[in-house]
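One structure is given here, and the rest of the page talks about it.
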Number of protein chains: 2
Amino acid sequence: MARSNPERSQATRLALMDAAKDLFIKKGFADTATPDIVRAAGVTRGALYHHFEDKKALLTAIVEREAEAVAQQIADMSVRAKSPSEALLRGAAAYFDAMNTPGRTRLLLLEAPAILGAAATGAIDRGNAGSTLETGLIELLGPDANRDWIAATTNMLSAAFDCAALAIAGGADRSVYERSIAVLIDGLAGQNWQYRSKRE
Amino acid sequence: MARSNPERSQATRLALMDAAKDLFIKKGFADTATPDIVRAAGVTRGALYHHFEDKKALLTAIVEREAEAVAQQIADMSVRAKSPSEALLRGAAAYFDAMNTPGRTRLLLLEAPAILGAAATGAIDRGNAGSTLETGLIELLGPDANRDWIAATTNMLSAAFDCAALAIAGGADRSVYERSIAVLIDGLAGQNWQYRSKRE
DNA sequence: TTCCTTGACATACATTCTGTATGTTTGTTA
DNA sequence: TAACAAACATACAGAATGTATGTCAAGGAA
């Protein structure tokens, strides 16, 4: 079994990330020890600290990979929608589909914000799935809507979606949340002129 | 300095909780060591493990106390409002006031969900500030609105409020978030008949 | 008051984990 | 094939957690 160096590197990197991902999901980041990770990955701690600066860097790599997968999954699902509100609803559905992967909610919505900080996690989020939501809201509310307002609304709706994803992962009825989101979005679409008229 | 036993107990419990709260806010739960806590509290680790089962139990006690303070602060602020939507907006403002206390967002919205789990934190939340929001939404949407829908909307709005509190604590403009919330609530108030008509 | 029990700690210890420093093997290049 | 570098493995130092044991003051009972 003579493998080239890049092949070896990527293989152990993936083995470490996969093993750590499972353990982080099952026991959480804090309660997962590096000896457990390397045992599950079939390597030693030396390999871990050769490829990753520390335990947090390993989590960061996993979170980034997972966030990219979510964004990719949403992009694949994205089809033409008739109205901006329908586009937002389809985006939400795609997000719930993507977050349905077991453990993803825990990794992306619980562990990452606490360990890596809210700022770092928000940056990862905004670089991927978050931007989809903001463009959707701009479509819905018109390009002349106040930018700060849109940013704030994007953040809060994103948090609401995350909350819904967590609830669904915990066994809640997905259709109830999707309808609740539909009502929120319809309310936004119907009311935005009121805010704009106050500002302009 | 002859103190009775109950006095001694409460004094050291409070000293430990206060010292740990400051350190958890400044450095986070994971990066705060029990020797640091007891040094700041002026006791030994023996006292800590006599009063609290482990480090997590200490965090739990602090989080519960802080959540009760938030609920109390909101209850004190609650004055008569003319409309259900105004009541909700005042409640949101009171929540932001209460969360304005330095470090509270980190403790209640970042550390607690990750360390104690989303379920435990949600239970603490629902027992305190969360119920205020749900009753306000029932007022807004009418008592005949679908209960599951109200519960889901409560959860998501609660998450949106938390997100706003975090953003404000991070330096964002509070008035922008309050206006965004106002638009969301007005949208809900104007649209709820649509959902109800589908269900009944 | 005296004795005895219990709660409230303090101290010492065993285990375990993290990160680093050093050693060894394997691939790569000149 | 000789030299070098990357990819690991092993050994170690420091520190942290939780526990077990020891000590001392508080508080009733005789």
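Proteins come first, then strands; the chains are lettered A, B, ... in the order of their sequence lines, and each starts at number 1. Quick note: numbers below take in every heavy atom, side chains included, and nothing from hydrogens, waters or symmetry partners. A quick note: this is a predicted structure, and the numbers were derived from the prediction, not measured.
Note on Asp97(B) versus Arg90(B): no salt bridge recorded, every NZ/NE/NH1/NH2 to OD/OE distance being 4.0 Å or above.
In this structure, the side chains of Ile138(B) and Arg147(B) come closer than 4.5 Å at one or more pairs of heavy atoms. Side-chain contact between Phe96(A) and Ile181(A): present, with at least one pair of heavy atoms (C-beta onward) separated by less than 4.5 Å.
The side chain of Thr34(B) sits closest to dT17(D) out of dG18(D), dG19(C), dT17(D).
One interatomic measurement links the two molecules: CZ of Phe52(B) to P of dT19(D), which rounds to 16 Å at whole-angstrom precision. For Tyr49(B) and dA12(C), the OH to P distance is 18 Å, given to the nearest whole Å. In this structure, Arg39(B) atom CZ and dT17(D) atom P are separated by 11 Å, rounded to whole Å. Straight-line distance from the CG atom of Asp54(A) to the P atom of dG19(C): 5 Å, rounded to whole Å. Atom CZ in Phe29(B) sits about 14 Å away from atom P in dA16(D), given to the nearest Å. The distance from atom CG of Asp31(B) to atom C1' of dA15(D) is 13 Å, rounded to the nearest whole Å. In this structure, Leu58(A) places its CG atom 14 Å from C1' of dG19(C), rounding to the nearest Å. Between the CD1 atom of Ile37(B) and the P atom of dA16(D) there is a distance of 11 Å, given to the nearest Å.
Within the 3.5 Å criterion, the main-chain N or O of Phe52(A) finds no donor-acceptor partner in the side chain of Arg13(A).
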How would nucleotides 7-13 of chain D be written as a contact map, 5' to 3', with B for base contact, S for sugar-phosphate-only contact and - for no contact, using protein heavy atoms under 4.0 Å? BBBB---

Derivation and outcome, side chain to side chain contact (heavy atoms under 4.5 Å, CB included), residues Thr132(A) and Tyr95(A): CA-CA 10 Å; Thr132(A) 309; Tyr95(A) 178 66; over 6 Å; no

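Counting non-hydrogen atoms of neighbouring residues, nucleotides and ligands closer than 6.0 angstrom, the CD atom of Gln73(B) exceeds 12 such neighbours.
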